[in-house]
Amino acid sequence: MMFHNDGFASAYEMGPGVPLQWIALAALVVLLLFGLRIANQYERAVVFRLGKYVRTAGPGLFFLIPFIEWRWRVDLRTMTTEVAQQEAITLDNVPVKINAVIWRKIVDPSRSVIEVANVGESVVLVAVTALRNVIGQHTLDDVLKDQDSISAALAASIDAVTEPWGVKVERVQMRNVEIPDSMQRAMAQEAEAQREKRARQIKAQAEVEAAALLRQAAETIMQSPAGLELRRMQMITEVGAEQNTMTIIMMPSEFVEMARALGAKGSG
């Protein structure tokens with residue numbers, strides 16, 4: 001009986017110990033699996049431990065201590081943000097309405113989470129303020145003709161504010177610029193006047209060049225009387241080739257020379 005009692009006691013003491021070990025091992029495995037996380041190549045995980053920032057994890061597989069650590073996922077790809085139409089006043093007091101598009105990228109995930117509550121909305125608000133300030137420093141002609149330099153200045157102004165947030169503004173582009181109808185009519189009249197001015201200048205320049213060529217031709221003909229006769233014959237041929245009622249009276253060249261000699265004597 002003693003033997004059977006000892007054997008029963010040993011089995012009773014070892015029996016409960018084995019299941020507890022397996023349960024603890026299984027619980028440990030579950031906790032390890034529960035703490036595994038995966039971040040894509042374009043993502044980073046900002047990890048907090050009991051509310052305090054500890055590290056930035058990813059990409060790939062990383063581990064979180066269950067119930068103690070948690071993460072904030074951040075996308076590092078370039079984001080496109082559209083700024084709704086804003087009304088601004090130019091340097092020459094002309095109201096304009098402008099749409100803009102911002103290309104931004106997070107370069108420091110921890111600061112984009114810790115330093116600002118909503119990074120996307122904050123960038124848009126900064127862009128609205130910067131857009132009005134930059135437009136107010138340029139005239140309407142600059143806004144319409146030099147949009148690339150204004151966009152570059154706008155991007156630099158926004159990036160100076162967002163840099164402490166870990167956000168890089170890569171590009172800003174103004175999509176549409178609307179001006180009042182009265183200003184559009186005035187600009188159309190100005191453009192028409194400029195075109196008319198250029199047309200008159202071109203015509204005047206052509207007349208000056210034609211007069212210089214005629215003078216040169218006259219000097220050449222005066223140097224060779226035979227050239228004048230050839231020009232007269234060519235003119236008769238051109239007139240005769242057309243169907244018209246023009247009458248041509250031929251005069252000898254001696255009459256012309258006589259008239260020139262009489263004119264010279266009269267002036268002398």
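In this chain, residues are counted from 1 in sequence order.
Environment of CH2 in Trp103: crowded, with over 12 heavy atoms of neighbouring residues, nucleotides or ligands closer than 6.0 Å. Within 6.0 Å of the CD atom in Gln216, the count of heavy atoms belonging to other residues, nucleotides or ligands does not exceed 12.
A chain of hydrophobic side-chain contacts below 4.5 Å, direct or via other Ile, Leu, Val, Met, Phe, Trp or Tyr residues, connects Val96 to Val83. Under a hydrophobic-cluster definition in which Ile, Leu, Val, Met, Phe, Trp and Tyr are linked whenever side-chain heavy atoms come within less than 4.5 Å, directly or via other members, Ile202 and Leu213 are assigned to different clusters. Note on Val128 and Val143: same hydrophobic cluster, where clusters join Ile, Leu, Val, Met, Phe, Trp and Tyr whose side-chain heavy atoms are under 4.5 Å apart, directly or indirectly. No continuous path of hydrophobic side-chain contacts links Val101 to Val161 [ILVMFWY only; heavy atoms under 4.5 Å]. Note on Leu64 and Val74: separate hydrophobic clusters, where clusters join Ile, Leu, Val, Met, Phe, Trp and Tyr whose side-chain heavy atoms are under 4.5 Å apart, directly or indirectly.
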Please list every donor-acceptor pair under 3.5 Å in which a side-chain atom of residues 32-50 meets a protein atom from a residue at least two apart or in another chain.
| unit_1 | atom_1 | unit_2 | atom_2 | d |
| --- | --- | --- | --- | --- |
| Arg37 | NH1 | Phe34 | O | 2.5 |
| Asn40 | ND2 | Tyr42 | OH | 3.3 |
| Asn40 | ND2 | Glu43 | OE1 | 3.4 |
| Glu43 | OE1 | Asn40 | N | 3.3 |
| Arg44 | NH1 | Gln41 | O | 3.1 |
| Arg49 | NE | Glu69 | OE2 | 2.7 |
| Arg49 | NH2 | Glu69 | OE2 | 2.5 |

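Residue Arg175 is tested with Gln85, Glu82, Gln147 for a side chain to side chain donor-acceptor pair (under 3.5 Å); the sole match is Glu82.
Here CD of Glu178 is found 10.0 Å from CD1 of Ile98. Values are rounded to the nearest 0.5 Å. How far CD of Glu209 is from CD of Glu207: 11.0 Å, rounded to the nearest 0.5 Å. To the nearest 0.5 Å, atom CG of residue Leu144 and atom CG of residue Leu140 are 4.5 Å apart. Here the CG-CG distance, from Asp141 to Leu91, works out to 11.5 Å after rounding to the nearest 0.5 Å. To the nearest 0.5 Å, atoms OH (Tyr53) and CZ (Arg111) are separated by 11.0 Å. Going from atom CD1 of Ile150 over to atom CD of Gln173 covers 11.0 Å, rounded to the nearest 0.5 Å.
No hydrogens or angles considered: a donor-acceptor pair under 3.5 Å links the side chains of Thr139 and Asp142. In the model, Arg104 has a side-chain atom that pairs as donor or acceptor with a side-chain atom of Thr81 under 3.5 Å. A donor and an acceptor atom, one from each side chain of Asp108 and Ser110, are located under 3.5 Å apart.
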Going through the checks in order, is the side chain to side chain contact (heavy atoms under 4.5 Å, CB included) test met by Val119 and Val116?
CA-CA 6 Å; Val119 64; Val116 61; 3.9 Å; yes

Would you sort out whether Ser149 and Asp146 count as a side-chain hydrogen bond (donor to acceptor under 3.5 Å, both in side chains), showing the intermediate values?
CA-CA 6 Å; Ser149 63; Asp146 200 10; 2.6 Å; yes

Before giving the answer on side chain to side chain contact (heavy atoms under 4.5 Å, CB included), spell out for Asn133 and Ser157 the whole-Å C-alpha distance, their side-chain angles and the decisive distance to 0.1 Å.
CA-CA 9 Å; Asn133 292 336; Ser157 178; over 6 Å; no

With side chain to side chain contact (heavy atoms under 4.5 Å, CB included) as the criterion, how do Ile89 and Ile135 come out once you've worked through the C-alpha distance, each side chain's angles and the decisive distance to 0.1 Å?
CA-CA 7 Å; Ile89 305 296; Ile135 295 300; over 6 Å; no

Apply the test side chain to side chain contact (heavy atoms under 4.5 Å, CB included) to residues Val167 and Val123: give CA-CA distance (whole Å), side-chain angles for both, the deciding distance (0.1 Å), then the verdict.
CA-CA 9 Å; Val167 179; Val123 170; 4.3 Å; yes

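Closest approach of Gly51 and Trp70 over heavy atoms only: N-CH2, 3.1 Å. Minimum heavy-atom separation, Ile106 to Ser112: CG2-OG, 3.7 Å. Summarising the geometry of Asn99 relative to Ala84, their closest heavy-atom pair is ND2-C, 4.2 Å, with the distance given to 0.1 Å. Closest non-hydrogen pair, Phe63 versus Arg55, comes out as O-NH2, 2.5 Å.
Side-chain atoms of Asp159 come within 3.5 Å of backbone N or O of Val169 as a donor-acceptor pair. For the pair Ser122 (side chain) and Asn118 (backbone), a donor-acceptor distance under 3.5 Å is present.
Residues Lys97 and Gln86 fail the side-chain proximity criterion, which asks for heavy atoms closer than 4.5 Å. Inter-residue side-chain proximity for Glu87 and Pro95 is flagged as met; some heavy-atom pair is nearer than 4.5 Å.
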